[in-house]
Amino acid sequence: MIDVRLLRTQPDQVRTALTRRAKPEILEQLDHALRLDVRLRDIVTERDASRARINELSKEVGVLRRDKKDAEPLMAESRTLGDREKVLDEEYLQVESTLRDVLLRIPNLPHPESIDGAGSDDNKVVRGPLLMPTEFAAHQRVPHWETGMALGILDAERAVKISGAMFTMQRGLGATLARALCQFALDRHADAFEEIRPPSLVTTATLTATGQLPKFADDAYNIGRDDLWCIPTAEAPLTSMHAGEILDESHLPVRYMAFSPCFRREAGSAGRDTRGMLRSHEFDKVEILALTTPENAPAMLEEFIERVTATIAALGMPYRLLEICTGDMGQSHHRSIDVEIYAPGCDQWLEVSSISWFSDYQARRGDIRFRRDGKKGTEFVHTLNASALAVPRVWAAILENFRNQDGSVAIPAVLHPYMRGATIIPTKRQ
RNA sequence: GGAACGAUGGCAGAGCGGACGAAUGCACCUGUCUUGAAAACAGGAGUGGGUUUACGCCUACCGGGGGUUCGAAUCCCUCUCGUUCCGCCA
């Protein structure tokens, strides 16, 4: 959530920043919020004054009563004020919830260094491609779904039978490989991040804090009967761990990592990437996350970029980094960098990690604050997170990059420790 | 799922219609004392909102929401969560 005070005191600054997002309707929302804010403050002022008078009266009534004097006129005045207050209260609640709803839908201010652009075509490659061979062999130009089926490690048909379209299933060494990727990613960051195994179902408040709700409700699975949501990423539960808390500065940064399943309805993407492992309703991911002070956030972003890049590079596949432009950034994002791996079989750059800095946007929604040592008052923390590794796309890229001439697939050396001795996924006949 | 009890400041724990933002203890901060520390003594200290150039003033907050009342931490209703017991289960 953006800071309503900033909007109130520096409306032009906020307007200019959000204009960069290239979505005109945002500016209308700003004006709406501004109008509601004015009205809300009027109500609060009148309501507080009324309360003050009631408090005064009730004290006087107490005194008169004790002295056995007539207090009825004061009581009558108080009753009248009470009636008025009730009316104001109702309007306050109504205006306040409308304002909150409007504010929750206004996106974050982009970072000054984020590049301007209208959509994904304007994203800019800022590093790489690295580890890119001059050319790929013909046997690498086979899409992973064909290789996966041929090797018997991917069973898309049965996944569809069990769960419907856009679900997938790995078997045998394919399943082991998927789990190995998780274990590998977790181990890469265990030096600095506490491992969490969070719940996969969370409350509405939790998904609101990170920004998935209320605006993107259609993208998430809702368990209406119990008012719970399936997490689209571990970012949601990890961020909300400290919701409503005031942390000591000395405890920052807080660093967590988690393996979790991720559930996405993929509303609006029907027909896209339907084959294979590139887009599905459920997938596994290892996420890293930090809560930090505003001044330490840029360094944390750099650290996240280096950590994720090093993890991906260790797998030995071609990759590049993209700076996401203002028009393509997610609602909560202040700045984002994507890591993509090249998959020669389907000839696509696959997004396997998104590294994001949310400034205080999520912290304000989730009410996550910190207190500076020896200082009064509180400030909102900054949140950052990154996919350490998104399993299915990396899995797919491995099947394409490391496919041998005979159709078998070599397993990257860094994963060998997690593969029960396997170094290759052999063809069925072997 | 059933029953009982509970939820108060960083923690512990009083208060059960009026002077209660809330006793007391611990922890914390600042003084005095001390070469320094401890102890002792004195004092200070919560969060949000509104208003003010500012000192400040007002307001809300005793798990959440609603009600009764001139007035609610305190009475009533309701929800959530916790503990214990029973049932059921991985």
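Lettering follows sequence order; numbering is per chain, from 1.
- The side chain of A/Arg369 lies closest to B/U47, out of B/U51, B/C70, B/U47.
- Here A/Gly82 lies out of heavy-atom contact (under 4.0 Å) with every strand.
- On the C1' atoms, B/G18 is 41 Å away from B/G2, given to the nearest whole Å.
- Across the strands present, B/G44 finds its partner in B/C28; the criterion is a Watson-Crick or G-U wobble pair with both atom distances under 3.5 angstrom.
- No donor-acceptor pair closer than 3.5 Å links the side chain of A/Trp395 to the backbone N or O of A/Leu177.
- Among the protein residues, A/Arg39 comes within range of no part of the nucleic acid, since none of its heavy atoms lies under 4.0 Å from any strand.
- Atom-to-atom, CD of A/Glu245 to P of B/U47 comes out at 16 Å; the value is rounded to the nearest Å.
- A sub-4.0 Å separation between OP1 or OP2 of B/G49 and a side-chain N or O of A/Arg5 is present.
- For the C1' atom pair drawn from B/C76 and B/G1, the interatomic distance equals 27 Å after rounding to whole Å.
- Between A/Asp101 and A/Arg105, at least one side-chain nitrogen of the basic residue sits less than 4.0 Å from a carboxylate oxygen of the acidic one, meeting the salt-bridge criterion.
- In this structure a side-chain-to-backbone donor-acceptor pair under 3.5 Å is missing from A/Arg21 to A/Pro110.
- Heavy-atom distances to RNA chain B give each of A/Val63 and A/Ile54 a nearest nucleotide, and the one nearer the 5′ end belongs to A/Val63.
- The 5' end of RNA chain B is approached more closely, in terms of each residue's nearest nucleotide, by A/Gly377 than by the other of A/Ser78 and A/Gly377.
- The side chain of A/Lys376 lies closest to B/G46 when the candidates are B/U51, B/G46, B/G18.
- Distances were taken from every side-chain heavy atom of A/Val44 (C-beta onward) to each of B/G50, B/C70, B/U47; the shortest belongs to B/G50.
- Atom-to-atom, CG of A/Asp373 to P of B/A45 comes out at 20 Å; the value is rounded to the nearest Å.
- Distance check on atom C1': B/U74 versus B/U69 gives 13 Å, rounded to whole Å.
- Between A/Ser50 and the phosphate of B/C58, there is no side-chain N or O to OP1/OP2 separation shorter than 4.0 Å.
- Closest to the A/Lys86 side chain, of the nucleotides B/G49, B/G46, B/U68, is B/U68.
- Contact check on A/Asp89 versus A/Arg51 returns no salt bridge, with no Lys/Arg side-chain nitrogen under 4.0 Å from an Asp/Glu carboxylate oxygen.
- Ranking B/G66, B/A45, B/C70 by closeness to the A/Leu93 side chain, first place goes to B/G66.
- Within 3.5 Å, no donor on the side chain of A/Asn55 pairs with an acceptor on the base of B/G71, nor the reverse.
- B/U80 is paired with B/A7 under the criterion used here, namely a Watson-Crick or G-U wobble arrangement in which both key atom distances are under 3.5 Å.
- Across B/A39 and B/C55, the matching P atoms stand 36 Å from one another, rounded to whole Å.
- Proximity of a side-chain donor or acceptor of A/Asp70 to a complementary backbone N or O of A/Glu72 within less than 3.5 Å is detected.
- The same atom, C1', is picked in B/C5 and in B/G63; the two are 16 Å apart, to the nearest Å.
- Annotation: B/C20 and B/C79 have their P atoms spaced 34 Å apart (nearest Å).
- Spacing between atom CZ of A/Arg41 and atom P of B/G49 amounts to 13 Å, rounded to whole angstrom units.
- Taking atom P in both B/A42 and B/U24, one finds a spacing of 12 Å when rounded to whole Å.
- Following rounding to the nearest Å, A/Leu40 (CG) and B/G48 (P) show an atom-to-atom distance of 17 Å.
- Side-chain N/O atoms of A/Arg53 include none lying less than 4.0 angstrom from OP1 or OP2 on B/C58.
- Taking only side-chain atoms of A/Asp48, from C-beta outward, the nucleotide of B/G50, B/C70, B/U59 with the closest atom is B/U59.
- With hydrogens and angles disregarded, a donor-acceptor distance shorter than 3.5 Å links the side chain of A/Thr326 to the backbone of A/Gly117.
- For B/C62 and B/U8, the P atoms lie 12 Å apart once the distance is rounded to whole Å.
- Closest to the side chain of A/Ala52, from the set B/C58, B/U47, B/U51, is B/C58.
- Whole-Å rounding puts the A/Glu56 CD to B/G18 C1' distance at 15 Å.
- Side chain of A/Ser353 to main chain of A/Ser387: a donor-acceptor pair is present (N/O by atom type, distance under 3.5 Å, no hydrogens or angles).
- Considering only side-chain N and O atoms, A/Arg51 lies nowhere under 4.0 angstrom from the phosphate OP1 or OP2 of B/U59.
- Between A/Arg65 and B/U69, a side-chain N or O to OP1/OP2 separation shorter than 4.0 Å is absent.
- A/His333 and A/Phe358 have their aromatic ring centers within a separation under 6.0 angstrom.
- Rounded to an integer number of Å, the gap from A/Glu96 CD to B/G48 P is 16 Å.
- As the counterpart of B/G1, B/C86 is assigned, both hydrogen-bonding distances of the Watson-Crick or G-U wobble pattern falling under 3.5 Å.
- Atom pair A/Leu247:CG and B/U47:P shows a separation of 14 Å (rounding to whole Å applied).
- Across all strands shown, B/C57 forms a Watson-Crick or G-U wobble pair, both distances under 3.5 Å, with B/G50.
- Note: CD (A/Glu77) to C1' (B/C70) measures 10 Å, nearest angstrom.
- For A/Arg371, whose side chain is taken as the heavy atoms from C-beta onward, the closest listed nucleotide among B/G50, B/G18, B/G46 is B/G46.
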